[in-house]
There are 2 protein chains.
Amino acid sequence: MPYDPSAFPPFAVTVDLVVLTVRSHALCALVVRRGEPPYQGRWALPGGFVRADEDLAAAAARELKEETGLRPHGPEGKDTGAHLEQLATYGDPYRDPRMRVVSVAHLVLSPDLPPPIAGGDARSARWSPAESLLGPGEGLSRDGDQPVQLAFDHAQILLDGVERARAKIEYSSLATAFCPPEFTVGELRRVYEAVWGVALDPRNFHRKVTGTPGFLVPTGGTTTRQGGRPAQLFRAGGATLLNPPMLRPEV
Amino acid sequence: MPYDPSAFPPFAVTVDLVVLTVRSHALCALVVRRGEPPYQGRWALPGGFVRADEDLAAAAARELKEETGLRPHGPEGKDTGAHLEQLATYGDPYRDPRMRVVSVAHLVLSPDLPPPIAGGDARSARWSPAESLLGPGEGLSRDGDQPVQLAFDHAQILLDGVERARAKIEYSSLATAFCPPEFTVGELRRVYEAVWGVALDPRNFHRKVTGTPGFLVPTGGTTTRQGGRPAQLFRAGGATLLNPPMLRPEV
DNA sequence: CTGTTTATCGTCAAGGAGACGACTATGATC
DNA sequence: GATCATAGTCGTCTCCTTGACGATAAACAG
């Protein structure tokens, strides 16, 4: 097949972001309201076109900053920012009614942020519980949560992102990406409980995380911000892989 | 940001394939020799442009069939074909010197095939040990294997594919995708040994795989094709997830 | 018939995980 | 200030899985 510039069809390439955090004991995703058709007025994942000279990860980082002000740190970063990784790519020919768009979805795990920033282009943005965005089957929507229908194939993308997060905190130290720089064992446990939607035994969890070398390093301080007895503060250790993994309860 | 068709730069979108198999106790990847510049004469991963009305997975399946004659079965298929899944997407602005190309890499796991089929476009193709393609650091190339420099960023893509395969056979039944429809426990063990590059205890491995419900179902037959005492034949059971996982020995 | 190869079963000790009792140190409430 | 509720932390016990490895079984090669 000789090279012929006219031999390939043109595509638009976008990045979409699944930005997850844990707020008030629930896994939440960042969604923005669409200001123009198609799907005008519907909630969607934040995202945008990749620029001509921009790497995919750079485009994702740029969109993230525009939407939340967060700066990501890569696989080995040390900033106060969020964890960012590529999730998957969605390219159904008709996923966007306007044109052929291939979207490279990225997953962002962030500590709880006070309020989502209204996007640079003035779209409204908010955190929504993943449960209510994923609809029935993925945990029942609670009374009062109207089921939200995300635009495009964003419900599928979000589901894949949530699944990735659920799987990854099992065998990596990624759950700490949901925590502030210093956190307690109990706060970390509540992250696991929120992401998995289960209750974990505080004593066994404590034994597990403090007994895994390199997972947590004590900072020396304590806090009572969760009430009760003061708890030791930790920072994430250097270990990125948990071996043996944190086991997710059956059911 | 109102919709403006001129607001986004055009991209070419391709699929690249990391086709892995196990041949004579080694993990091998399918590579094709490039017939035109850039990287003319160099080995590369098979792949090609996504067509205008074609889904990404469909494009990967089409390329796979063109290169190998294999028909993939999806996440839940039952054919005699290979396992196919999306791997990751590579979009560095300068990864292809000709133009802006975003490549959606796919991972294919296949049973051993007699000889690779010369591609539809007459490029030569062959199986190469992953070890010799990944160069030093990823297991030393054996004497006589000249180090192969893959075209574009295909070495990185291959590395990511091999890593995915190594990780996934740990907690899924995917290793059976490397086996013929009926196989013995010993054959399955040799798959793990080749992919991980380690030696496993045959007795413990046997206990593990036969003791995991839904992983293997006996067909009733036996074979002596590996020599020695006749071994029971099995087919892959319905279970896709191994819980608890197959543990990869420490280094 | 004997050695070699591969398959399969069994045993034992070490370690991790689930269940859960007990104790500790705070703030809130009476 | 005593009491209570809330979290955090340490221990214990049992069950199960794993890793190491002995032993037996059933084929084939000489």
Represent DNA chain D in dot-bracket notation, 5' to 3'. Only Watson-Crick or G-U wobble pairs with both distances under 3.5 Å count; pseudoknot-style crossings use [ ] and interstrand partners use |. ||||||||||||||||||||||||||||||
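Atom NE2 of B/His25 is separated from atom C1' of C/dT6 by 13 Å (rounded to the nearest Å). Counting to the nearest Å, the C1' atom of D/dT17 and the CZ atom of B/Arg248 are 19 Å from each other. Between the C1' atom of D/dA5 and the CD atom of A/Gln226 lies a distance of 15 Å, rounded to the nearest Å. A straight line from CG of B/Leu188 to C1' of C/dT6 spans 15 Å, rounded to a whole angstrom. Taking atom CG of B/Leu242 as the reference point, atom P of D/dT17 lies 14 Å away to the nearest angstrom. Between the CG atom of B/Leu247 and the C1' atom of D/dA20 there is a distance of 15 Å, given to the nearest Å. B/Tyr171 has its OH atom 21 Å from the C1' atom of D/dT17, to the nearest Å. Rounded to a whole Å, the CG atom of B/Asn243 is 13 Å from the P atom of C/dA17.
Under a 3.5 Å cut-off, the side chain of B/Ser132 and the backbone N or O of B/Pro129 do form a donor-acceptor pair. B/Thr21 contributes a side-chain N or O that, together with a main-chain N or O of B/Pro111, makes up a donor-acceptor pair within less than 3.5 Å.
Taking every heavy atom of residues 200-211 of chain B and every atom of DNA chain C, pairs under 4.0 Å involve B/Arg203, B/His206, B/Arg207, by number.
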Side chain to side chain contact (heavy atoms under 4.5 Å, CB included) between B/Phe178 and B/Val195: does it pass, once the steps are laid out? CA-CA 10 Å; B/Phe178 286 115; B/Val195 176; 3.9 Å; yes
Go through B/Arg190 and B/Glu187 one step at a time and tell me if the salt bridge (charged side-chain N to carboxylate O under 4.0 Å, His left out) criterion holds. CA-CA 5 Å; B/Arg190 277 172 219 107; B/Glu187 289 164 347; 5.5 Å; no
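The side chain of A/Ala231 approaches D/dG8 more closely than any other nucleotide in the set C/dA7, D/dG8, D/dA26. Checking C/dT24, C/dT26, C/dA7 against every side-chain atom of A/Arg229, the shortest atom distance belongs to C/dT24.
Judged as a side-chain hydrogen bond (donor to acceptor under 3.5 Å, both in side chains), the pairs with a partner in residues 170-183 of chain A (not counting sequence neighbours) are, in order, A/Glu170-A/Arg248.
Residue A/Arg225 is classed as having no contact, given no heavy-atom separation below 4.0 Å to the nucleic acid.
If you check the side chains of B/Asp160 and B/Tyr90, you find a donor sitting under 3.5 Å from an acceptor. Looking at A/Ser124 and A/Arg126, their side chains never bring a donor and an acceptor atom within 3.5 Å of each other. Side-chain polar atoms of B/His154 and B/Gln156 form no donor-acceptor pair below 3.5 angstrom.
Centroid-to-centroid, the aromatic rings of A/Phe234 and A/Phe183 stay 6.0 Å apart or farther.
The phosphate of C/dA7 (OP1 or OP2) has a side-chain N or O of B/Arg190 nearer than 4.0 angstrom.
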